[in-house]
Amino acid sequence: MTEGTTSAAAEGVDTLSRLEQEGEIAADYLEGLLDIADLDGDIDMDVEADRAAVSIISEGGGRDLQKLVGRDGEVLEALQELTRLAVHRETGDRSRLMLDIAGFRAKKRAELSELGAKAAAEVKSTGEPVKMNPMTPFERKVVHDAVKAAGLRSESEGEEPQRFVVVLPA
């Protein structure tokens, strides 16, 4: 191995351990939250696409956990930001941690991927750009990825909270 390869490998290990640490801090914070709210849930930690990913799941279908998701994931988004702040307070670094509760985000990701693929198919058949409804940053990212996978390109336009995706012809 060359010196450059060794340092790149060490940097990858450092990044992985930093993300695992973020997950641990987030899990501790969320366990405390579950205790305060008197809700049952298991916490699963992972590293996906260079970010820590933490999920709260329930064996009983997660009906109680729906309170932590809220309407259209609004409570989930707020909890994700609070969890990111808790990680930032401990590490001093900005976190890009993703939080999922009761599979809400995983289900939403599947729906949005399908929506992005349909928009891409429409653009391919008509040759005209397609403007989508306003979305959160997470939602836009999923749609951009689906459009890219379909071989097209997309852009975000507008100002928050009315920012939306435009799917463009090749």
Co-members of Val130 in a cluster of I, L, V, M, F, W and Y side chains, linked at under 4.5 Å
Met98, Leu112, Leu115, Val123, Met132, Met135, Phe138, Val142, Val143, Val147, Leu152, Val165, Val167
Which pair of non-hydrogen atoms, one from Gln162 and one from Pro134, has the smallest distance, and what is that distance?
OE1-CG, 3.2 Å
With rounding to the nearest 0.5 angstrom, report the CG to OG1 distance, Leu99 to Thr83.
5.5 Å
Could you work out, with side chain to side chain contact (heavy atoms under 4.5 Å, CB included) as the rule, every residue matching Ile25, not counting sequence neighbours?
Gln21, Val87, Glu90, Thr91
Would you please test Val69 and Leu79 for side chain to side chain contact (heavy atoms under 4.5 Å, CB included) and show each step?
CA-CA 9 Å; Val69 173; Leu79 288 174; over 6 Å; no
What pairs with Glu77 under side-chain hydrogen bond (donor to acceptor under 3.5 Å, both in side chains), at least two apart in sequence or on another chain?
Arg105
Taking only residues two or more places apart in sequence or in another chain, which ones pass salt bridge (charged side-chain N to carboxylate O under 4.0 Å, His left out) with Arg96?
none
CD1 of Ile56 to CG of Asp100: how many Å apart, nearest 0.5 Å?
9.0 Å
Point-to-point distance, once rounded to the nearest 0.5 Å, from CE of Met45 to CG of Leu97
11.0 Å
Under the side-chain hydrogen bond (donor to acceptor under 3.5 Å, both in side chains) test, residues paired with Arg84 that sit two or more places apart
Glu81
Look up atom CG in Leu76 and atom OG1 in Thr136, then write down how far apart they are to the nearest 0.5 Å.
10.0 Å
Partners passing side-chain hydrogen bond (donor to acceptor under 3.5 Å, both in side chains) against Lys118 (at least two apart in sequence or in another chain):
Glu114
Linked hydrophobic residues, Ile57 as query - side chain contacts closer than 4.5 Å
none
Sort and list the pairs that fulfil side-chain hydrogen bond (donor to acceptor under 3.5 Å, both in side chains) and have at least one residue in residues 28-52, not counting sequence neighbours.
none
Provide the full list of side-chain hydrogen bond (donor to acceptor under 3.5 Å, both in side chains) pairs with a residue in residues 120-131, sequence neighbours left out, each pair given once.
none
What residues, two or more places apart in sequence or in another chain, satisfy side-chain hydrogen bond (donor to acceptor under 3.5 Å, both in side chains) together with Ser95?
Glu22
Can you sort out the partners of Glu20 under salt bridge (charged side-chain N to carboxylate O under 4.0 Å, His left out), two or more places apart, ordered by chain and number?
none
For Lys108, is there an ion pair with Glu139 - N to carboxylate O distance below 4.0 angstrom?
yes
Distance, nearest 0.5 Å, that separates CG of Leu68 from CG of Leu33
6.0 Å
Any salt bridge linking Asp145 with Lys141? Criterion: basic side-chain nitrogen under 4.0 Å from a carboxylate oxygen.
yes
Check which hydrophobic residues are tied to Leu168 through side-chain heavy-atom contacts below 4.5 Å, counting indirect links as well, and list them.
Phe164, Val166
Closest heavy-atom pair and its distance - Ala146, Ala117:
CB-N, 4.2 Å
Evaluate salt bridge (charged side-chain N to carboxylate O under 4.0 Å, His left out) for Glu160 paired with Arg140, printing each intermediate quantity in order.
CA-CA 12 Å; Glu160 295 291 355; Arg140 290 194 309 270; 2.8 Å; yes
Using every non-hydrogen atom in the two residues, find where Ala150 and Ala120 come nearest and quote the distance to one decimal.
CB-CB, 3.6 Å
Could you walk me through whether Arg18 and Asp93 pass the side chain to side chain contact (heavy atoms under 4.5 Å, CB included) check?
CA-CA 10 Å; Arg18 182 182 51 80; Asp93 295 326; 4.3 Å; yes
Derivation of the salt bridge (charged side-chain N to carboxylate O under 4.0 Å, His left out) call for Arg153 and Glu155
CA-CA 7 Å; Arg153 64 188 187 90; Glu155 297 175 349; 3.4 Å; yes
